[in-house]
Amino acid sequence: MLSELLQGTDSGGLLVIQDTCRYSGRDLLRSFISAALSRGDVVHVLGFDVDEEELKDGLKTPDSQALHIHSAYADPLGWNDHSAFTVNNFNLEELTNLVKQTSDLKPATLVIDSLSWVLRHVAPPAVCRILHQLRKGGAVRTVIALLHADLHQRGTVGSLSHLASSLITVAPGVRANEAVAKITKHLKSGKVIQDEEIFSVNEDLTVIVHSKHPEHKQNDAEEEQMDPTANLTFNLRLSDSEAEAKNKLTLPFVFSKEKSETFSRCFFFKHCKTFQFYLKCIKCKNNCFVLQENRSTSSRYGFWADSL
Amino acid sequence: MFTELNSILNASPDSITPGELIVVSDRQSDASFLVHHFLSFYLRARCKVCFLGLVQSFCHYSAVSQRLGLSLTQAKERGQLVFLEGLKDSLSILIPQERNAESQAMDFLQDPAAGLRSLYEFVQSSVTGSGSSEDWGPPVLLVDDLSVLLSLGVSAGAVLDFSHYCRATICSQLQGNMVMLVRCSGEEEEEDGDEGSERLLKGLTHQCTLTLHVQGLPTGFCKDIHGQVEVCRRRRRGDLQHNQNKLFQYKVHDKGASFFARGTSSAVL
């Protein structure tokens with residue numbers, strides 16, 4: 001759906017690109033400018049956030065007659081007294097005049113970079129009203145605005161999202177250079193279409209849509225990750241035969257019935273002064289086990305291997 | 001100046017990247033060692049430096065710079081450094097008897113709602129004015145720190161306006177650099193929205209080219225690792241967006257700081 005929006009097949013409206021400080025939506029915005037210029041539309045840009053050079057950077061026809069940049073970057077509030085356009089000029093009459101004085105009879109595309117700057121100085125209800133009236137006014141066919149969503153309260157972002165006929169929320173993608181766009185489009189019939197696409201912006205500001213189903217893409221990426229249990233030098237699980245052999249094995253120092261019988265048969269006790277009992281094997285005549293009296297709980301005995 | 005940090009940032013006093021806006025932020029930690037680094041870095045690079053010292057006195061910065069091998073007093077006398085001592089100047093505004101009407105920079109204290117135009121005009125005049133005979137390099141603005149302005153009653157929006165004007169003048173027009181420190185007190189991922197310093201930091205992050213975010217160790221206090229710094233380079237003009245994040249742990253020494261990859265502290269290995 002992103003490429004449809006770029007082609008501008010629909011009949012205008014308000015398109016809002018929402019970004020956060022994790023991923024800037026300005027590349028996508030400039031792609032929209034580039035696409036509109038290549039269609040032959042007249043484009044007016046209100047630049048607050050970045051200077052004219054950066055906006056034009058990468059455009060195929062930066063000196064096109066159809067591109068009019070009204071830069072308020074250097075002096076947006078009129079502090080230096082040499083700005084043609086300031087944020088105070090952001091009202092319906094001046095914007096309409098601005099668009100009408102240069103363009104022909106053809107309705108123009110108005111790009112706002114960014115609405116966040118405007119919202120800092122113009123009250124949100126007034127901004128919404130101006131944007132709504134611009135669409136109704138006839139001089140402007142499409143308004144494309146960038147909005148840094150994390151700079152505003154949720155209510156402000158929400159009301160602008162409701163006003164927008166198309167809303168693109170951009171976020172960083174899994175891989176470098178890729179980003180995820182969540183697109184919400186309100187049709188005139190009242191139907192709402194939602195879509196999610198992975199895209200990247202090239203240096204010549206063309207947009208490549210990689211996938212329409214990012215969920216699958218993400219799963220693939222997860223599967224592509226290396227399996228940490230591959231190429232191990234040992235087995236994590238036993239096979240059936242190994243498990244059987246393991247169960248058969250009797251561990252040393254486990255006291256079983258047969259062992260106790262062996263003890264009673266082949267050892268005799270030798271008392272020692274230090275409260276220790278030596279168990280001596282009759283056959284080999286060696287001290288095989290030491291039996292020590294446990295003083296705290298005198299009823300129990302512990303076994304130690306002495307010279308096995 | 002910390003040479004290790006220079007190699008991490010690919011910077012050297014001999015070649016300054018024009019138009020760079022560096023945002024230094026900290027959360028539950030102290031990033032002022034980075035301010036001292038940048039101050040000595042730009043003074044060594046023979047830039048014309050305007051320093052807005054709002055949290056400490058001149059003596060403090062001077063003493064730290066002495067340790068790093070630089071004399072701020074000399075730099076001031078040569079006209080390389082313009083130092084705004086916020087503590088002193090605000091006192092002369094708040095107690096009118098002592099007012100000597102030297103600078104208009106702190107006039108915003110009388111009416112914080114009116115914005116920071118006076119402070120911007122001070123910055124503009126100090127970076128463009130040629131008060132010295134020597135020819136200095138591109139201008140640099142250092143602010144320590146912006147969140148103090150919030151405490152003084154200025155709104156986050158007004159501070160963002162101020163930083164925008166400084167950026168338009170210094171970074172775009174004069175091709176200089178800017179370093180701004182913002183302190184965040186709250187916890188991360190707090191979705192309050194009305195927290196001024198969070199909004200300020202996000203607004204600056206949208207404007208900047210490089211962020212250095214200093215945090216304490218998530219695993220708690222450690223004697224040999226003082227914290228971690230996240231280096232995030234945002235896009236520059238010319239190349240398309242690729243946000244690179246790198247995370248380093250650091251230890252501040254008496255005369256410098258060492259940076260190392262996570263888990264490679266000499267105390268661990």
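- Atom CG of Asp161(B) and atom CH2 of Trp117(A) lie 4.0 Å apart (nearest 0.5 Å).
- The backbone N or O of Cys21(A) sits less than 3.5 Å from a side-chain atom of Arg234(B), completing a donor-acceptor pair.
- Atom-to-atom distance recorded for Ser172(B):OG and Glu53(A):CD is 10.0 Å, nearest 0.5 angstrom.
- Both the backbone and the side chain of Asp150(A) come within contact range of chain B, with heavy atoms under 4.5 Å apart.
- Within the 4.5 angstrom heavy-atom criterion, no atom of Pro172(A) approaches chain B.
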Steps toward side chain to side chain donor-acceptor pair (under 3.5 Å) verdict (His206(B), Asp19(A)): CA-CA 10 Å; His206(B) 279 289; Asp19(A) 69 352; 4.6 Å; no
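- With a threshold of 4.5 angstrom between heavy atoms, Gln173(B) does not approach chain A through any atom at all.
- In this structure, Arg199(B) contributes its side chain and His152(A) its backbone to no donor-acceptor pair below 3.5 Å.
- Residues Phe48(A) and His164(B) keep their aromatic ring centres 6.0 Å or farther apart.
- Between Tyr165(B) and Asp75(A), the side chains place a donor N or O and an acceptor N or O closer than 3.5 Å (distance only, hydrogens not considered).
- In this structure, the separation between CG on Leu77(A) and CZ on Arg117(B) is 9.0 Å, given to the nearest 0.5 Å.
- If you measure heavy-atom distances from Ser116(A) to chain B, you find no contacts under 4.5 Å at all.
- Between atom CZ of residue Arg22(A) and atom OG1 of residue Thr205(B) there is a gap of 12.5 Å, rounded to the nearest 0.5 Å.
- In this structure, OG in Ser155(B) is found 9.0 Å from CZ in Arg120(A), a value given to the nearest 0.5 Å.
- Counting heavy atoms from C-beta outward, Gln124(B) and Asn80(A) have side chains that approach closer than 4.5 Å.
- Arg167(B) is listed as a side-chain neighbour of Val50(A), based on a closest heavy-atom distance under 4.5 Å.
- Leu160(B) touches chain A through backbone and side chain together, each having a heavy atom under 4.5 Å away.
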